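The structure presented is a predicted model; accordingly, all values stated were derived computationally and were not measured.
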Amino acid sequence: MPELPEVETVRRDLSRRYVGDRLEHLEVTGKRTVRRHAPGRLATLEGHVLRNIGRHGKYLLFEWDDGRVLVAHLRMSGQLLAATGEPAAHTHAVFSFVKAGELHFVDPRTFGEFFLGDRAGEGPEVAQLAHLGPDALEVKTSYLAKAFAGRRAPVKSLLVDQRVLAGIGNIYADEILYEAKVRPDRPAGKLTREEVGRLARSVRSVLGAAVKARGSTLRDKRYTDVSGAAGNYQLQHRAYGRAGQSCLRCGAPVERARIGAKSAYFCPNCQR
DNA sequence: CGCATATCCTGACTGC
DNA sequence: TGCAGTCAGGATATGC
């Protein structure tokens, strides 16, 4: 499940490989891959040079030599793989670059999408992403305090709300809350200023460490980098997936609860 | 408006 | 061993 650290790892891999190269051919075969506009519009990128790859939260922003931006989201199961040879099962798009060769978009669950962004002024930001909060790596305590004020929803629900902060998903939310020693079911508006500060610090430190470790690859191997290699941050998970095991800080058994429709792992003893 | 829930979809896993 | 049922979760639409 790609979240910010996985998307950032993919962004860096893609940048090294494809920026400066010319798109020779683009074949989109997935019926659901382009759904915000006519799928044929993507082919108008053929012949253009990729100038830069940006990222906002979990969205990738491919910037081309004519100023256009191709937006991509991998959702639950999407992968971007440098590939040679026959496309694997569930390959929905193949980008062919002049020098670097092919880039395959593989996505069994077909939730991932591509679309051409509408520019919203200077810079690479696009109108379709205007609802996103700031990128989670740049979170500030003062911003988070304002966003939480008066809210009764569980703090975890707001951490994964992309309108509040862009980039955090279910796994890193649990890791962040564990690091900050805050229970996931606490009403967000009831957190003290000090707790919000710890949370903001943990957002930056957990995501930063996960980017360094090239993201988390779980058993299902739904995430790998662009060359197909696994990440390493799953080895540093301290909350996610550890139900029934001893808390690595205090030894109490880690609990699993449901918050909204998602599972939440936390230590009921040292997260308060 | 804020919050909760259902939906999209396939593959991995669980239990009989 | 085989098969039905459940779960996984990112974003968005809908309901209260």
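- Rounded to whole Å, the distance from CG on A:Leu158 to C1' on C:dA11 is 16 Å.
- The NE2 atom of A:His131 sits 15 Å away from the P atom of B:dC1 (whole-angstrom rounding).
- Side-chain nitrogen and oxygen atoms of A:Arg36 include at least one within less than 4.0 Å of the OP1 or OP2 phosphate oxygen of C:dT12.
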Would you sort out whether A:Tyr172 and A:Glu6 count as a side-chain hydrogen bond (donor to acceptor under 3.5 Å, both in side chains), showing the intermediate values?
CA-CA 11 Å; A:Tyr172 290 105; A:Glu6 291 76 31; 2.6 Å; yes
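- Rounded to whole Å, the separation between the P atoms of C:dA11 and B:dA12 comes to 23 Å.
- Residue-level contact check: A:Asp220 touches neither bases nor backbone, having no heavy atom under 4.0 Å from any strand.
- In this entry the distance linking CE of A:Met76 with P of C:dA11 reads 10 Å, nearest Å.
- A:Thr141 approaches A:Ala200 most closely through the heavy-atom pair OG1-CB, 3.6 Å.
- Contact check, A:Arg151 against B:dC3: a side-chain N or O comes under 4.0 Å of OP1 or OP2.
- Rounded to whole Å, the separation between the P atoms of B:dT5 and C:dC7 comes to 15 Å.
- The residue among A:Arg219 and A:Pro108 whose nearest nucleotide of DNA chain B is located toward the 5' end is A:Pro108.
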| task | Show your reasoning for whether side chain to side chain contact (heavy atoms under 4.5 Å, CB included) applies to A:Asp107 and A:His90. | result | CA-CA 6 Å; A:Asp107 184 13; A:His90 306 296; 5.9 Å; no
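- Note: CG (A:Leu132) to P (C:dG10) measures 14 Å, nearest angstrom.
- Note on A:Asp66 versus A:Arg68: salt bridge recorded, some NZ/NE/NH1/NH2 to OD/OE distance being below 4.0 Å.
- Backbone-only contact: A:Ser263 has heavy atoms under 4.0 Å from sugar-phosphate atoms and none from a base.
- Atom CZ in A:Phe148 sits roughly 15 Å away from atom P in B:dG2 (whole-Å rounding).
- Using a 4.0 Å heavy-atom criterion, one finds that A:Arg258 contacts the sugar-phosphate atoms exclusively.
- Residue-level contact check: A:Pro187 touches neither bases nor backbone, having no heavy atom under 4.0 Å from any strand.
- Within the nucleic acid shown, A:Ala261 has no heavy atom closer than 4.0 Å to any nucleic acid atom.
- Between A:Leu129 atom CG and C:dG10 atom P there is a gap of 17 Å when expressed in whole angstrom units.
- Applying the 4.0 Å criterion to OP1 and OP2 of B:dT10, one finds that A:His90 has every side-chain N and O outside that range.
- B:dG11 and C:dT12 have their P atoms separated by 24 Å, given to the nearest Å.
- Nucleotides of DNA chain B nearest to A:Arg222 and A:Lys262 differ in position, and the one nearer the 5' end is that of A:Lys262.
- Taking the centre of each ring, A:Phe114 and A:Phe95 come in below the 6.0 Å mark.
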*Begin from the C-alpha positions of A:His237 and A:Arg242 and carry the test side chain to side chain contact (heavy atoms under 4.5 Å, CB included) through to its verdict.*
CA-CA 8 Å; A:His237 288 180; A:Arg242 297 195 70 250; 5.6 Å; no
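- Regarding A:Glu113, its CD atom lies at a distance of 10 Å from the C1' atom of C:dT12, rounded to whole Å.
- When distances are taken from the side chain of A:Asn170 to each of C:dA11, C:dG10, B:dC9, the shortest belongs to C:dG10.
- Counting to the nearest Å, the C1' atom of B:dT7 and the CZ atom of A:Arg75 are 12 Å from each other.
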